[in-house]
There are 2 protein chains.
Amino acid sequence: MANNTFESIYQTLKKRILKGDYSIKMRLPIEDDLITEFSSSRYAVRKAIKKLSEEGLVYSVKGRGVVLLEHTPQTQQFNLNLGELSGIHTASPDAPFDYQTDLVSFEQIIVDQALSQQTAFEVGIPVYALKRVRKINGTRAVIDINYFNAQLIPGITPKIAHDSIYNYIQKTLKVKIAVVKRMLRVDSAQSVDTENLALGKNNCVGNMISIAFNDSGRQFEYTESHFIPNELVFNQLIRN
Amino acid sequence: MANNTFESIYQTLKKRILKGDYSIKMRLPIEDDLITEFSSSRYAVRKAIKKLSEEGLVYSVKGRGVVLLEHTPQTQQFNLNLGELSGIHTASPDAPFDYQTDLVSFEQIIVDQALSQQTAFEVGIPVYALKRVRKINGTRAVIDINYFNAQLIPGITPKIAHDSIYNYIQKTLKVKIAVVKRMLRVDSAQSVDTENLALGKNNCVGNMISIAFNDSGRQFEYTESHFIPNELVFNQLIRN
DNA sequence: GAGTGGTCTAGACCACGGT
DNA sequence: CCGTGGTCTAGACCACTCC
């Protein structure tokens, strides 16, 4: 993991910050001191600080220095887990949760005008359309409504859909998932939700809409994940 | 705006991408060509490309080049509005929406154990606690439940709360809002929600929890924004 | 005015993708 | 193998903060 200079500086600094080594001054050492300490270039030091800043641990002020952001046990849960593609957590992040998939429907269809409007796929191309219910610790918590471009992601079968499509995409097809764009909404529950999810008295769902791109820039997926209230959390970070 | 070299390169490239100049090859020119064209250094060109990539327009592949991500009118709404601190949009982003604030409650209190657990403020410090309902086009769409550290943000009055606290913080107190960390959840509606929001038949709310930091790294705010379903959208971008 | 991070240049070598 | 982006160095000047 620490093959790169900047990565190893980043990790050293992060450990120290979390251990509290810099919390008296609420500052990182200045760049020149870090350059000396790590016997490296300004480029590497600055790249390490950039990464800490992207994670929400520090904030750089021109002319003053690199400031530590206050962090307490409560605010830890606001910090981003980078490198995690899903970006979705359970409300109790420590509990490693049990996970089970039910395939509700599976078909191959051609994109018509309405579906094109919804999914941004071109009219006329073939897509796999599937619905899967995710049980978390036995509770029907999420329904995934997927559309995969069948030209870019060929050969999906019910068995693959039941196991892991993302495994199939990456390991078998060797397709690189480069970028995922998302929108989050809260929607009133539709029949597909009330029929498949353990909503209890709740009549709304969270709706995470994702479109995913391969490393040639082509959109290969449109997915809506409808999830029950009170269970899932998303993180965001805004810097000025 | 285009004082910096990299910023002006970024804006030129962005315009060209959106105009479709590069869409035949689905690639950006290679770094060396951009260096020549803009008579600048590799640093500036790479920083411009980095910004395009952070915005979700392109994706760099080592050994291959910089790939354009497909974009259609539908996928435009997934692209990030950088530089917008609020990050919250109406479902129809173009319509400049009408906005009205009702101050529901206003008090100054001391943080106790329970509130500290919730807000991450230290026990014993004074905070302003307020609730405000936001009417969007006449609909009671959002209730903001704010706690401001009264030592860092002193002198809030009901009038300020009714007008704009963020104006007061930035313009009057000259406090720099450096970083905002957020969590998004869907919660079952509580009494504070049913009493103050136009929920209609819905019995859930979206809950955006924000903590904000000044440029000394101190947390000055904890806010929960509860909003009605079907009206608001959040964007996210994940890169590999 | 001294200290500090932000921008920029010129150059080198490495790692990966495709031929 | 060649072309490409990723990492890294050494150095310069600028813009901002704080005393």
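We name chains A, B, ... by the order of the sequence lines, and we start the count at 1 in each one. All values below were derived from every heavy atom in this structure, side-chain atoms included, with hydrogens, water molecules and symmetry-related copies excluded.
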Enquirer: Between B:Q170 and B:Y168, is the side-chain hydrogen bond (donor to acceptor under 3.5 Å, both in side chains) condition met? List the steps.
Expert: CA-CA 6 Å; B:Q170 294 177 294; B:Y168 174 70; over 6 Å; no
Enquirer: Please give, in whole Å, the distance from C:dC16 C1' to A:N4 CG?
Expert: 14 Å
Enquirer: Test of understanding: with side-chain hydrogen bond (donor to acceptor under 3.5 Å, both in side chains), list the residues that count as partners of A:K62, not counting sequence neighbours.
Expert: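 Listed in chain order: nothing, the list is empty.
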Enquirer: The side chain of A:F6 is closest to which nucleotide in this list: D:dC8, D:dG5, C:dT4?
Expert: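 For A:F6, the side-chain atoms sit closest to D:dC8.
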Enquirer: Nearest to the side chain of A:I30, heavy atoms from C-beta on, is which of C:dG5, D:dG6, C:dT7?
Expert: C:dG5
Enquirer: Using a 4.0 Å cut-off on protein heavy atoms (strictly under), produce a 5'-to-3' string for nucleotides 9-19 of chain D with B for base contact, S for backbone-only sugar-phosphate contact, and - for none.
Expert: B--B--BBBS-
Enquirer: Flag yes if more than 12 heavy atoms outside B:K25 fall under 6.0 Å of its NZ atom; otherwise flag no.
Expert: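 Incorrect, the count does not exceed 12.
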Enquirer: What is the distance, rounded to the nearest whole Å, between atom CD1 of B:I35 and atom P of D:dT4?
Expert: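 Rounding to the nearest Å, CD1 of B:I35 and P of D:dT4 are 12 Å apart.
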Enquirer: Grab the OH-C1' distance between B:Y59 and D:dT4 for me, whole Å please.
Expert: 15 Å
Enquirer: Rounding to a whole Å, what distance do you find between A:K47:NZ and D:dC8:P?
Expert: 7 Å
Enquirer: If only side-chain N and O atoms of A:R46 are considered, is one of them under 4.0 Å from the OP1 or OP2 phosphate oxygen of C:dG6?
Expert: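 Affirmative; the distance criterion is met.
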Enquirer: Whole Å only: how far is the CG atom of B:D32 from the C1' atom of D:dG6?
Expert: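 Roughly 14 Å, once rounded to whole Å.
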Enquirer: For A:K50 and C:dG5, give me the distance from atom NZ to atom P, rounded to whole Å.
Expert: 16 Å
Enquirer: In whole Å, what is the span from the NZ atom of A:K51 to the C1' atom of D:dC8?
Expert: 16 Å
Enquirer: So, B:D144 and B:R134, do they make that salt bridge, N to O below 4.0 Å?
Expert: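 Yes.
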Enquirer: What is the distance, to the nearest angstrom, from the CD atom on A:E31 to the P atom on D:dC8?
Expert: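 Roughly 16 Å, once rounded to whole Å.
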Enquirer: Would the A:F234 and A:F227 ring centres measure less than 6.0 Å apart?
Expert: yes
Enquirer: Compile the donor-acceptor pairs under 3.5 Å between side chains in residues 42-49 of chain A and protein atoms, sequence neighbours left out, one pair per line.
Expert:
residue, atom, partner, partner atom, Å
A:R42, NE, A:E31, OE1, 2.8
A:R42, NH2, A:E31, OE1, 3.0
A:R46, NH1, A:E31, OE2, 2.9

Enquirer: Looking at B:K50 and B:E7, is any side-chain nitrogen of the basic one under 4.0 Å from a carboxylate oxygen of the acidic one?
Expert: no
